[in-house]
Amino acid sequence: MPTVKSYAATQADKPLEPFQLNRREPGPLDIEIEILYCGVCHSDIHTARNEWGRTMYPVVPGHEIVGKVTRIGDQITAHQVGDTVGVGCFVDSCMHCENCSDGLEQYCLNGNSQTYNALEQDKKTITYGGYATHITVTEHFVLRIADNLPLEKVAPLLCAGITTYSPLRYWGLGSGDKLGIVGLGGLGHMAVKLGASMGAEVTILSRSAAKEKDALELGAHHFALTTETDTMKELAGTFDYILDTVSAPHDYNSYLPLLKTNGVMILVGVPPKPSDVQAGNLIMSRRSLVGSLVGGVKETQEMLDYCAKHNITSDVEVISINQINEAYDRTVAGDVHYRFVIDMASLKAS
Ligand code: NAP
Ligand code: ZN
């Protein structure tokens, strides 16, 4: 069993620290990957700090993984040693329920295996994520990565990219639609790029005035400061869609009135505490409040190919593994431009 270097959280209130991890020997349908880069998602922080209350310690976070194939099982035909590949938010699912059959493995009716802090399909073995030098993953969940884009900027597409791409496609964002994006962080900045590329008129709704310049440079058409009451009043009834990427508890009722009649507010941010919804904000204009979880394998590949074609990548700050705890604190403080990505060579060398 290969032992690999990783970084783990061992308690909610302790910094992440070096951790030795056993990966399985590749079986006939497995692919062993040397991880080159892993993005830092706010879900990693919610989990490491047990903010969702279901963390199994020690936890090795990381689900925005890009690397090179190092070994393959003897039944693998779609990938070869040396290929550039990616792994996203889940590494297995039952593969036979209605949702898996429809390519919606993220909604597996028998429970999929998330990349970390979850159970493999044997329902016993705990999964460990991408803050590690290697990972072994069953072939169906390994994505092809085009070689024309810088890999450190591609890694965040595996979560932040697909999480914003999937709902925009599902709810049919199209040319001329007015899209409001709440929160300019990892998910928010990918939503700007993807939404604009689909022809929408994009407005960033942010509590951080300092992000206005960046929002416009990333491709947003407008920037609105959510702390300004007059601005929020002016925006009432103007959006076809609002995509809410906020990680902390906040009031959905501040944003719902900004939707047009029949408008849709899509939640992708997962704050640790629930929020009340005033029925009138939905009823009076037949608005919808909906949610979406990452995307299935087929759609993730479609998104990666779309980004390769349209030259869409993440804006990243590359860090060494020993800067991970500082990166967590900066992400929570909203000081991320716009995704931290770990260069895994730093872990190998440590
Ligand atoms: P992030 O980079 O930290 O961005 C979150 C943004 O939310 C911040 O940059 C900030 O933007 C805004 N924000 C933070 N605290 C706020 C507050 N108290 N009030 C208002 N706005 C606040 O996080 P991320 O990696 O994009 O993840 C965002 C959320 O999505 C997390 O909860 C994560 O767990 C979740 N997530 C969900 C899925 C899914 O499948 N649904 C997948 C991945 C992640 P401004 O400074 O611009 O206001
Ligand atoms: Zn994520």
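Here the side chains of H140 and L29 are not in contact, with every heavy-atom distance at 4.5 Å or above. Counting only heavy atoms from C-beta outward, the side chains of E25 and P2 approach each other to under 4.5 Å. Counting only heavy atoms from C-beta outward, the side chains of N99 and C108 never approach each other to under 4.5 Å. In this structure, the side chains of V66 and I35 stay at 4.5 Å or more apart for every pair of heavy atoms. Put simply, the side chain of F90 reaches to within 4.5 Å of the side chain of V297, judged on heavy atoms. Contact check for S292 versus W171: side-chain heavy atoms found under the 4.5 Å cut-off. Proximity of D214 to H337: side-chain heavy atoms (C-beta onward) are separated by under 4.5 Å at one or more points. Counting heavy atoms from C-beta on, the side chains of V91 and T138 never come closer than 4.5 Å.
No donor-acceptor distance shorter than 3.5 angstrom exists from the side chain of R23 to the backbone of V4, with no hydrogens or angles considered. No side-chain donor-acceptor contact under 3.5 Å links K14 to the backbone of A9. Within the 3.5 Å criterion, the main-chain N or O of L119 finds no donor-acceptor partner in the side chain of T127. Checking side-chain atoms of N50 against main-chain N and O of R54 turns up a donor-acceptor pair under 3.5 Å. Side-chain atoms of T313 do not come within 3.5 Å of backbone N or O of V154 as any donor-acceptor pair. The backbone N or O of G296 sits less than 3.5 Å from a side-chain atom of Q106, completing a donor-acceptor pair. The backbone N or O of D92 sits nowhere less than 3.5 Å from a side-chain atom of Q114 that would complete a donor-acceptor pair. In this structure, S285 contributes its side chain and R287 its backbone to no donor-acceptor pair below 3.5 Å. The backbone N or O of P26 lies less than 3.5 Å from no partner atom in the side chain of T136, so there is not a single donor-acceptor pair.
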Dump the intermediate steps for salt bridge (Lys or Arg N to Asp or Glu O under 4.0 Å) on D315 and K193, then the final yes or no.
-> CA-CA 10 Å; D315 283 31; K193 296 186 184 206; 2.6 Å; yes

Given the rule in the side-chain hydrogen bond (donor to acceptor under 3.5 Å, both in side chains) test, do T47 and D44 qualify, once you have shown the distances and angles that lead to the verdict?
-> CA-CA 5 Å; T47 306; D44 301 355; over 6 Å; no

Before giving the answer on side-chain contact (heavy atoms from CB on, under 4.5 Å), spell out for R49 and V332 the whole-Å C-alpha distance, their side-chain angles and the decisive distance to 0.1 Å.
-> CA-CA 12 Å; R49 298 183 173 177; V332 173; 3.7 Å; yes

Taking it one step at a time, do L259 and M265 satisfy side-chain contact (heavy atoms from CB on, under 4.5 Å)?
-> CA-CA 8 Å; L259 289 171; M265 175 155 158; 3.8 Å; yes

Between E105 and K298, is a salt bridge (Lys or Arg N to Asp or Glu O under 4.0 Å) present by the stated rule, with each step listed?
-> CA-CA 9 Å; E105 299 91 345; K298 185 160 171 270; over 6 Å; no

Could you check L158 against V87 for side-chain contact (heavy atoms from CB on, under 4.5 Å), going step by step and ending with a plain yes or no?
-> CA-CA 7 Å; L158 274 309; V87 178; 6.0 Å; no

Verify side-chain contact (heavy atoms from CB on, under 4.5 Å) between V192 and I204, making sure each step is shown before the conclusion.
-> CA-CA 8 Å; V192 173; I204 276 289; 3.5 Å; yes

Carefully, step by step, assess R24 and D30 under the rule salt bridge (Lys or Arg N to Asp or Glu O under 4.0 Å).
-> CA-CA 9 Å; R24 67 175 183 267; D30 278 341; 2.8 Å; yes

E32/T70 under side-chain hydrogen bond (donor to acceptor under 3.5 Å, both in side chains): CA gap, chis, key distance, verdict | CA-CA 6 Å; E32 183 191 71; T70 44; 2.8 Å; yes

Start with the C-alpha distance between Y306 and Y165, add both sets of side-chain angles, then the distance that settles ring pair (Phe, Tyr, Trp, His ring centres under 6.0 Å), and finish with yes or no.
-> CA-CA 10 Å; Y306 176 90; Y165 179 90; 5.5 Å; yes

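Inspection of the T3 and Q20 side chains reveals no N or O donor paired with an N or O acceptor under 3.5 Å.
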Could you give the side-chain donor-acceptor pairs of residues 246-257 under 3.5 Å, partners two or more places apart or in another chain?
| from | atom 1 | to | atom 2 | distance (Å) |
| --- | --- | --- | --- | --- |
| H250 | ND1 | A248 | O | 2.7 |
| H250 | NE2 | D244 | OD1 | 3.2 |
| H250 | NE2 | D244 | OD2 | 2.6 |
| D251 | OD1 | N253 | N | 3.0 |
| D251 | OD1 | N253 | ND2 | 2.8 |
| N253 | OD1 | Q278 | N | 2.8 |
| N253 | OD1 | N281 | ND2 | 3.0 |
| N253 | ND2 | D276 | O | 3.0 |
| S254 | OG | D251 | O | 3.2 |

Compile the donor-acceptor pairs under 3.5 Å between side chains in residues 73-81 and protein atoms, sequence neighbours left out, one pair per line.
none

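Residues K68 and D83 are not paired through a salt bridge, judged by the lack of any N-O separation under 4.0 Å between the basic side chain and the carboxylate.
Hydrophobic clustering of Ile, Leu, Val, Met, Phe, Trp and Tyr side chains at less than 4.5 Å, counting indirect connections, keeps Y338 apart from V182. Cluster annotation: L36 and V69 are assigned to the same hydrophobic cluster (Ile/Leu/Val/Met/Phe/Trp/Tyr, side-chain heavy-atom contacts under 4.5 Å, transitive). In the hydrophobic clustering of ILVMFWY residues, with side-chain heavy atoms under 4.5 Å counting as a link, M344 and F19 come out together. I162 and L267 are assigned to two separate hydrophobic clusters, defined by single-linkage of ILVMFWY side chains at heavy-atom distances under 4.5 Å. Cluster annotation: Y128 is connected to I33 through the hydrophobic network of ILVMFWY side chains, with a link wherever side-chain heavy atoms come within less than 4.5 Å.
Hydrophobic clustering, defined by side-chain heavy atoms of Ile, Leu, Val, Met, Phe, Trp and Tyr closer than 4.5 Å, groups V59 together with Y57, Y116.
Here side chain to side chain donor-acceptor pair (under 3.5 Å) pairs that include residues 341-350, with residues two or more places apart or in two chains, are E34-K348. Within the structure, every pair that satisfies the side chain to side chain donor-acceptor pair (under 3.5 Å) test and touches residues 224-235, not counting sequence neighbours, is listed here: E228-T231.
The environment of CE in M284 is sparse: at most 12 heavy-atom neighbours from other residues, nucleotides or ligands sit within 6.0 Å. Other residues, nucleotides and ligands place more than 12 heavy atoms under 6.0 Å from the NZ atom of K123.
Taking each heavy atom of V60 and S6 in turn, the nearest pair found is CG2-OG, 3.7 Å.
With rounding to the nearest 0.5 angstrom, the NE2 atom of H222 is 9.0 Å from the OG1 atom of T238. Summarising the geometry, atom OH belonging to Y107 is positioned 13.0 Å from atom SG belonging to C97; distances are rounded to the nearest 0.5 Å. If you take CG on N262 and CG on D240, they are separated by 10.0 Å, rounding to the nearest 0.5 Å. Interatomic distance, OG of S93 versus CG of N112, reported as 6.5 Å (0.5 Å rounding). In this structure, the separation between NE2 on H46 and CD on E51 is 6.0 Å, given to the nearest 0.5 Å. Rounding to the nearest 0.5 Å gives a distance of 6.0 Å between CG of L173 and OH of Y241.
The salt bridge (Lys or Arg N to Asp or Glu O under 4.0 Å) check on D102 picks up nothing, with sequence neighbours excluded.
None of H189, E64, E317 except one satisfies the side-chain hydrogen bond (donor to acceptor under 3.5 Å, both in side chains) rule with R339; the exception is E64.
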